[in-house]
There are 2 protein chains.
Amino acid sequence: MGSTATTTVPTNPELMEVLAAVGAAYFQDFAAAAARHGLSSSQAKALGAVQESVPMRALAGRLGCDASNVTGIVDRLESLGLAHREAAAGDRRVKIVVITEQGRAILGLIRGEMARTHQAFEAMSDEQRVALHSICSQVLPVLSGRAVSPQ
Amino acid sequence: MGSTATTTVPTNPELMEVLAAVGAAYFQDFAAAAARHGLSSSQAKALGAVQESVPMRALAGRLGCDASNVTGIVDRLESLGLAHREAAAGDRRVKIVVITEQGRAILGLIRGEMARTHQAFEAMSDEQRVALHSICSQVLPVLSGRAVSPQ
DNA sequence: TATTGTTATACTCTATAACTATA
DNA sequence: TATAGTTATAGAGTATAACAATA
């Protein structure tokens with residue numbers, strides 16, 4: 001296939017539109033897969049963020065929310081046996097969130113069951129996969145505010 | 001530039017990771033810009049979804065939420081003078097949400113003030129813009145469940 | 001004094017169910 | 001009977017402020 005039609009360079013608004021649509025669709029697929037395992041999208045997102053053990057405070061940073069919210073989210077993960085709190089070595093104030101084996105298993109299931117996402121990926125050529133990954137990797141530091149500051 | 005390093009084809013998990021990160025960063029940029037204008041991200045998303053007039057029920061579909069939520073969201077847009085309800089011609093049950101001039105202006109401001117997003121786009125080459133737009137457009141129908149059904 | 005985690009509070013988003021007015 | 005929109009209700013996410021324990 002590969003159309004040879006006019007390849008006009010898309011404008012910022014055009015790019016924003018498709019990017020927003022793809023982001024929303026991806027998120028819905030994620031939320032639906034999480035819901036099938038009894039997790040809200042926030043809980044599932046948190047589960048993904050604790051694949052490596054992390055203090056409560058740092059987890060709030062990763063999730064982009066206030067630290068007070070993390071208490072409740074981790075409470076629920078803990079009550080479901082998907083993660084637990086451990087005391088930190090040096091500082092008795094901090095608690096470290098550690099994912100359990102069951103938590104890791106559920107996380108793998110959720111990711112594997114994002115059917116539409118996998119379907120979308122499988123519809124892509126190798127060239128497209130390489131291009132998408134490269135563009136996202138390049139754009140991410142700027143978009144997330146972790147770019148090298150200008151000047 | 002353009003590295004000639006090993007261009008390994010990324011796996012599904014690798015693609016999911018960068019895509020999720022880009023989507024989350026984009027959404028945060030959007031929510032922050034909306035908040036500067038006193039709108040929650042849901043309200044701003046709804047505002048973007050009514051650029052063309054749409055019945056309440058259809059708006060719920062576009063936002064991917066239950067119809068009962070739309071009442072409150074449109075209530076707030078209406079109280080802010082950003083949209084209003086109109087009676088539909090043929091069916092007296094349906095109400096059509098219409099964006100106001102002020103609503104359109106605020107929407108334009110919000111989109112224009114997504115600084116990180118624009119910064120990210122401006123860091124992209126024309127080739128990358130074309131590739132990203134084309135990939136997103138191709139992938140969107142599958143990801144959002146509007147693909148041609150197999151069989 | 002500052003920091004970590006928690007609790008209390010309030011607001012928004014969300015889904016479910018029941019209601020109304022139309023069809 | 002079915003549909004569009006609303007209302008009531010309850011659960012979860014979120015931020016702010018205040019608190020206890022620790023640094």
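To find a chain, count down the sequence lines: A is the first, B the second, and so on, and within it residues start at 1. Computation of the quantities below employed the complete heavy-atom set of this structure, encompassing side-chain atoms and omitting hydrogens, waters and symmetry-equivalent molecules.
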Would you kindly give the [atom1]-to-[atom2] distance between [X] and [N], to the nearest whole Å?
X: Leu59(B); N: dT6(D); atom1: CG; atom2: P; value: 11 Å
X: Phe27(B); N: dT14(D); atom1: CZ; atom2: P; value: 10 Å
X: Asp75(A); N: dG13(D); atom1: CG; atom2: P; value: 11 Å
X: Asn69(B); N: dA8(D); atom1: CG; atom2: P; value: 15 Å
X: Lys95(B); N: dT22(C); atom1: NZ; atom2: C1'; value: 12 Å
X: Met56(B); N: dT22(C); atom1: CE; atom2: P; value: 16 Å
X: Asp66(A); N: dA10(C); atom1: CG; atom2: P; value: 17 Å
X: Ile73(B); N: dT7(D); atom1: CD1; atom2: C1'; value: 15 Å

(request) Ignoring the backbone of Arg85(B), work out which of dT16(D), dT6(D), dT22(D) is nearest its side chain. (result)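 My answer, after comparing the listed nucleotides, is dT6(D).
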(request) Please determine, for the side chain of Arg92(B), which listed nucleotide (dA12(D), dT22(C), dT7(D)) has the closest atom? (result)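 Nearest nucleotide to the side chain: dT22(C).
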(request) Let me know, please, whether Arg76(B) or Gly90(B) comes out on the 5' side of the other along DNA chain C by nearest nucleotide. (result)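 It is Arg76(B), whose closest nucleotide lies nearer the 5' terminus.
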State, with a plain yes or no, whether a side-chain heavy atom of [X] is found less than 4.5 Å away from one of [Y].
X: Gln128(A); Y: Gln138(B); value: yes
X: Ile110(B); Y: Phe30(B); value: yes
X: Phe121(A); Y: Met16(B); value: yes
X: Leu80(A); Y: Leu39(A); value: yes

With a 4.0 Å limit, can you tell me whether [X] has a side-chain N or O closer than that to the phosphate oxygens OP1/OP2 of [N]?
X: Arg57(A); N: dT3(C); result: no
X: Gln43(B); N: dC13(C); result: yes
X: Ser40(A); N: dG13(D); result: yes

(request) Nearest-nucleotide wise, let me know which of Arg93(A) and Ser42(A) is further upstream toward the 5' end of DNA chain D. (result)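 Between the two, 5'-proximity favours Ser42(A).
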(message) Quiz question: going by heavy-atom distance under 3.5 Å, is there a donor-acceptor pair between the base of dT16(D) and the side chain of Ser68(A)?
(response)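 It does, because a donor-acceptor pair links the side chain of Ser68(A) to the base of dT16(D) below 3.5 Å.
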(message) To the closest 0.5 Å, what do you measure between CD1 (Ile135(A)) and CG (Leu140(A))?
(response)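 It is 13.0 Å, given to the nearest 0.5 Å.
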